[in-house]
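Structure, as structure tokens:
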Amino acid sequence: MCGIVGYTGEKECEDILINSLRKLEYRGYDSAGIAVFENGKIKTVKAKGKINDGLVKKLDEEGSLKGVTGIGHTRWATHGEPSDINSHPIGNGRVSIVHNGIIENYRKIKNFLIGKGYVFESETDTESVAKLLDYYYKGDPTEAISKAVTDIEGAYALGIIFIDHPDMIYAVRKDSPLIVGIGENEMYIASDMTALLEYTKHYYLLETGEIASISKTGATFCDIHGNEIKKEIQTATWDISEAEKGGFEHFMLKEIHEQPSAIHKTISPRIKDGMPCFDECGLTDDMLRNYKHIFIIACGSAMHAGMVGKYLIELLARTPVIVDIASEFRYRNPLLSDKDLVVIISQSGETADTKAALELANEVGADTLAFVNVVGSSIAREAKMVMFTYAGPEISVASTKAYMVQNALMYLLAFRVAFARNMIDEQECRRLVSVLETMPDKVGECLEDLDPYRKAASKLVSADSLLYIGRGLDYALSMEGSLKLKEISYIHSESYAAGELKHGTISLIHEGMPVIAVTTQSGLLSKTVSNMREVRSRGAYVIAVCAEGIQIDSDSADFTITIPASEDMFMPLIAVVPLQLIAYYSSVLRGNDVDKPRNLAKSVTVE
Ligand code: F6R
């Protein structure tokens, strides 16, 4: 989704703004622009396309912008196609803004302003805010901002500059995130910390309804009534090296390789004396014993981690778990009460539907527990209990290491629920924890030789469509494998419970169609193998992913990838690696932009 940056200080800001925007490219965008105070005037350059092909090219042609205060933006189009005119910053010579989010009542505001003589140029919702600020601006920026945000409805983060204040940046937000970075005689704004890690680790978190007035020496904050707000300085724990490729060709490949250490960092602080421990978030065994229902709500890959969680909790704790897609859950009037636990999973902590689901659960009075990767994100702040996944910054749009550690936390939760509900004893709980602790090594082993994944990818890369099949936990994992392939290779695929094929989908099988069979569940092996034979005898090209020690004969598979073995229950953590890498190499072989697949945004902050 859109990215915002801003700088005010003593240095020429063009390069800083562009460099920071590059760090936000991972969020997904289709145009970019900057506005800088040059000799007391607001000068704007913006262009459709990638930063280098559009904005930088235009700056080369038209001349760079010289000034020490400016704002910048990467736009992911929602209202109006990607075009120069619809790009941000948007404004006139008096007020210029960059905006992330959606203004829901922009038509009403636009009509009001047209009645006042304003002429609109773009198709964006943002222009109505820029012109509304201009309408209210009589010399006092915070007064204009307060009046404007009283009128607008929707989600927004705004970076604003006003002509009479050439050494200031103003910012306000509701729901969409924004931070204010703190440097030495320089200050910044950004949608997230990755944009600023090169310059500072210190920042303020802007909260909904707060207005920031930022000069090079610091920032002051007030609410919309002008009451001053004191804020604490936050310090990022992420390191700049984590947000760089570090010799890998793509962030996705680097992030896949970071999985062993991400699992270790995520689980080890939550294991106390060999037992899973949720004390840090206040979740007690008493609470776990008494919940009537457990819901797991998320989107995309995070929801797939929830599917693994459901299988585990139901298997170990014999407690039913409802997994739901956040965009469905929030509108289906779910059967939820204050006796339930709602587990919310989100890498970014900003996904609009997931956040809305969390708010709904909070309103009903359910206990909410969030697994979140970004400290200070909206979901992390709004959940009653939070456990951070320590994956570090995930830059590639396709989630890999974040998904992995969401799963890892799910294992600890499943063990604890089972223990609290007396379905396993302490000895068994400790044993399960110790198996979980071997996972970083097992995942590491999968990364020793990447050739089989590259070969498997070469077998399916020219297909129009394929199937992923599996049973039980293998089915939960197939969903993730299929999503990963679709999103970065653009090859259509579906995941299917292997036993369900005969009820319709098997008619899709034709000569040469690739089928990826995940066969890591020894208890279900013979069943899945019969399904593999069925599709293979109808012409499918079957790629099997199986654990060491399992023999898949040549009647059942054309190509086999063997991964380290563990107990069935733990296999998803290992088996996801080949699926991620098959998707990765398929994307590479197709010449796609692996880290920034078309049409996608990393952090989906709008509905
Ligand atoms: C897929 C992917 C998405 C996200 C989903 C939720 O690779 O990354 O499906 O998992 O958009 O995002 P978060 O976890 O940020 O809420």
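For ligands, and for the atoms within them, numbers begin at 1 and follow the listed sequence. Quick caveat, the model's predicted, so the values are computed rather than measured. Quick note: numbers below take in every heavy atom, side chains included, and nothing from hydrogens, waters or symmetry partners.
- The distance criterion of under 3.5 Å between nitrogen or oxygen atoms is met by Thr351 with respect to ligand 1.
- The shortest N/O to N/O separation between Gly300 and ligand 1 does not fall below 3.5 Å.
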Worked check of salt bridge (Lys or Arg N to Asp or Glu O under 4.0 Å) between Arg598 and Asp593:
CA-CA 8 Å; Arg598 69 185 179 208; Asp593 190 346; over 6 Å; no
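- The side chain to side chain donor-acceptor pair (under 3.5 Å) search around Gln347 returns Asn373, not counting sequence neighbours.
- The nearest heavy-atom contact from the protein to atom 15 (O) of ligand 1 is Ser348 OG, 2.6 Å.
- No hydrogens or angles considered: nothing links the side chains of Asn362 and Glu382 as a donor-acceptor pair under 3.5 Å.
- Taking the six-membered ring wherever Trp is involved, the centroid distance between the rings of His250 and Tyr584 falls below 6.0 Å.
- Looking from atom 11 (O) of ligand 1 to the surrounding protein, the closest heavy atom is Val604 CG2, 4.3 Å.
- For Phe251 and Tyr26, the ring centers are positioned 6.0 Å apart or more.
- With respect to atom 5 (C) of ligand 1, the closest heavy atom belonging to the protein is Cys299 O, 3.5 Å.
- Residue contacts with ligand 1 for Val397 involve N, CA, C or O but no side-chain atom from C-beta outward (heavy atoms, distance under 4.0 Å).
- Of all atoms in ligand 1, listed by their number and element, those nearer than 4.0 Å to a heavy atom of Ala398 are 7 (O).
- Near Ala302, the atoms of ligand 1 lying under 4.0 angstrom from a non-hydrogen atom of the residue are 10 (O), 14 (O).
- In this structure, Arg454 satisfies the cation-pi test against Tyr585, with its NZ or CZ atom closer than 6.0 Å to the six-membered ring centre and inside 45 degrees of the ring normal.
- Distances from atom 3 (C) of ligand 1 to the heavy atoms of Ala298, Ser301, Ser377 put Ser301 nearest.
- Atom 14 (O) of ligand 1 has as its closest protein heavy atom Gln347 N, 2.6 Å.
- Contact annotation: for Lys484 versus ligand 1, heavy atoms closer than 4.0 Å belong to the side chain alone.
- In this structure, Lys596 fails the cation-pi test against Tyr29, since its NZ or CZ atom is not both closer than 6.0 Å to the six-membered ring centre and inside 45 degrees of the ring normal.
- Here the heavy atom of the protein found nearest to atom 7 (O) of ligand 1 is Glu487 OE2, 2.3 Å.
- Ring pair Tyr468/Tyr475: centre-to-centre distance not below 6.0 Å.
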